[in-house]
Engineer: 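Below you will find the structure I want to go over with you.
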Amino acid sequence: PLDSAAPDPRPVLMGRWACLRAAMWEHVSLVRDAASLDRADDALDELTVEAAQLAGPTAADAARILELRAALDCARAIVAAARFRTESRGAHWRADYPGRSAAWLGSAFMTWPDGAAQPALDFRPKH
């Protein structure tokens, strides 16, 4: 959104990007578990509220704000997928589910229903 009275959002945006990167690295990256995914969700909730309050005085600033909001949606999708799959396979490592499970042979599908705060996931076993 454009707001000619809004202060320069770039310093705040840089800080929010740093918080997003730190939260995803610390809680969702190489090794994760249910508790770390909960902490990631909490951080994303806080960042989403902050991003919703940002306004930009120029079109370029508004675009930067929208980019942050899109990145937060992407991060939320990653966390939802990591929470959904309760096994470790390849680069997806869950400390609370360290083994592979034949029950997870198949495909996971993600949709994001209009107005929903979280994406919806569905699993279809391999035939």
Side-chain angles (χ1 to χ4, degrees):
L2 298 177
D3 182 351
S4 59
D8 182 355
R10 288 173 289 185
V12 173
L13 280 169
M14 288 174 47
R16 299 305 86 205
W17 273 106
C19 289
L20 175 57
R21 284 190 297 274
M24 292 301 287
W25 177 254
E26 184 176 339
H27 304 305
V28 190
S29 66
L30 302 177
V31 178
R32 56 201 112 166
D33 60 25
S36 72
L37 296 172
D38 288 344
R39 289 190 295 277
D41 270 335
D42 291 344
L44 293 175
D45 288 346
E46 184 177 320
L47 287 166
T48 299
V49 168
E50 293 172 4
Q53 297 170 358
L54 293 173
T58 69
D61 292 330
R64 288 183 185 104
I65 292 166
L66 291 174
E67 182 180 38
L68 174 63
R69 291 176 184 166
L72 288 164
D73 285 345
C74 183
R76 197 168 297 283
I78 291 167
V79 171
R83 183 183 311 283
F84 182 74
R85 191 172 190 111
T86 53
E87 72 157 355
S88 291
R89 186 178 296 267
H92 179 84
W93 181 260
R94 288 280 304 254
D96 49 351
Y97 296 98
R100 294 191 330 175
S101 170
W104 280 104
L105 292 177
S107 300
F109 296 87
M110 179 181 290
T111 58
W112 203 310
D114 286 344
Q118 295 280 341
L121 286 116
D122 183 39
F123 179 76
R124 296 181 195 150
K126 187 176 179 181
H127 295 154

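Sequence positions, counted from 1, serve as the residue numbers for this chain. In this text, all values refer to a predicted model and were calculated from it rather than measured experimentally.
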Engineer: Compare all side-chain heavy atoms of Trp17 with those of Glu67 and state whether any distance is below 4.5 angstrom.
Structural biologist: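 Of all side-chain heavy-atom pairs linking Glu67 with Trp17, at least one is under 4.5 Å.
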Engineer: Got a sec, which residues hit side-chain contact (heavy atoms from CB on, under 4.5 Å) with Ala70, two or more places apart in sequence or on another chain?
Structural biologist: none
Engineer: Answer yes or no: is there a donor N or O on one side and an acceptor on the other, between the side chain of Arg89 and the main chain of Ser101, under 3.5 Å?
Structural biologist: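 Between the backbone of Ser101 and the side chain of Arg89 there is a qualifying donor-acceptor contact (under 3.5 Å).
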Engineer: What are the two closest heavy atoms between Val79 and Leu37, and how far apart are they?
Structural biologist: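 Nearest heavy atoms, Val79 then Leu37: CG1-O, 3.9 Å.
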Engineer: Answer yes if Ile78 and Leu121 sit in the same cluster of Ile, Leu, Val, Met, Phe, Trp and Tyr residues linked by side chain heavy atoms under 4.5 Å apart, and no otherwise.
Structural biologist: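 No; Leu121 is not reachable from Ile78 via cluster members.
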Engineer: In Å, rounded to the nearest 0.5 Å, how long is the span from CG of Leu68 to CG of Asp73?
Structural biologist: 10.0 Å
Engineer: Check each of Asp96, Asp41, Asp33 against Arg83 using the salt bridge (charged side-chain N to carboxylate O under 4.0 Å, His left out) test, and report the only one that passes.
Structural biologist: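 Running salt bridge (charged side-chain N to carboxylate O under 4.0 Å, His left out) over Asp96, Asp41, Asp33 with Arg83 returns exactly one hit, Asp41.
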Engineer: Rounded to the nearest 0.5 Å, what's the gap from CD1 on Ile65 to CG on Leu54? Could you check?
Structural biologist: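 If we round to the nearest 0.5 Å, Ile65:CD1 and Leu54:CG are 5.0 Å apart.
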Engineer: Donor-acceptor pair, distance only, cut-off 3.5 Å: does the side chain of Arg94 make one with the backbone of Ala82?
Structural biologist: yes
Engineer: Between Asp42 and Arg39, is the closest basic N to carboxylate O distance under 4.0 Å?
Structural biologist: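 Answer for the salt bridge query: no.
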Engineer: Keeping Arg76 on the side-chain end and Leu44 on the backbone end, is there a donor-acceptor pair under 3.5 Å?
Structural biologist: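 Side chain of Arg76 to backbone of Leu44, a donor-acceptor pair under 3.5 Å: yes, one is there.
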Engineer: Which pairs, with at least one residue in residues 46-103 and sequence neighbours excluded, count as a ring pair (Phe, Tyr, Trp, His ring centres under 6.0 Å)?
Structural biologist: Phe84-Trp104
Engineer: Would you name the heavy atoms of Met110 and Ala77 that are closest together and state the gap between them?
Structural biologist: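 Heavy-atom minimum between the residues: CE-O, 3.2 Å.
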Engineer: Distance check, rounded to the nearest 0.5 Å: Asp122 atom CG versus Thr111 atom OG1?
Structural biologist: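 One gets 8.0 Å once the value is rounded to the nearest 0.5 Å.
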Engineer: Where is the tightest heavy-atom contact between Gly56 and Pro9, given as atom of each residue plus distance?
Structural biologist: CA-CG, 4.2 Å
Engineer: Measure across Ala80 and Pro119 and return the closest heavy-atom pair with its distance rounded to 0.1 Å.
Structural biologist: CB-CG, 3.6 Å
Engineer: Determine whether more than 12 heavy atoms belonging to other residues, nucleotides or ligands lie under 6.0 Å from atom CE of Met14.
Structural biologist: no
Engineer: Whether the side chain of Trp112 engages the backbone of Ala116 through a donor-acceptor N/O pair (distance < 3.5 Å, no angle test) should be reported.
Structural biologist: yes
Engineer: In Å and rounded to the nearest 0.5 Å, what is the CD to CG distance from Glu46 to Leu72?
Structural biologist: 11.0 Å
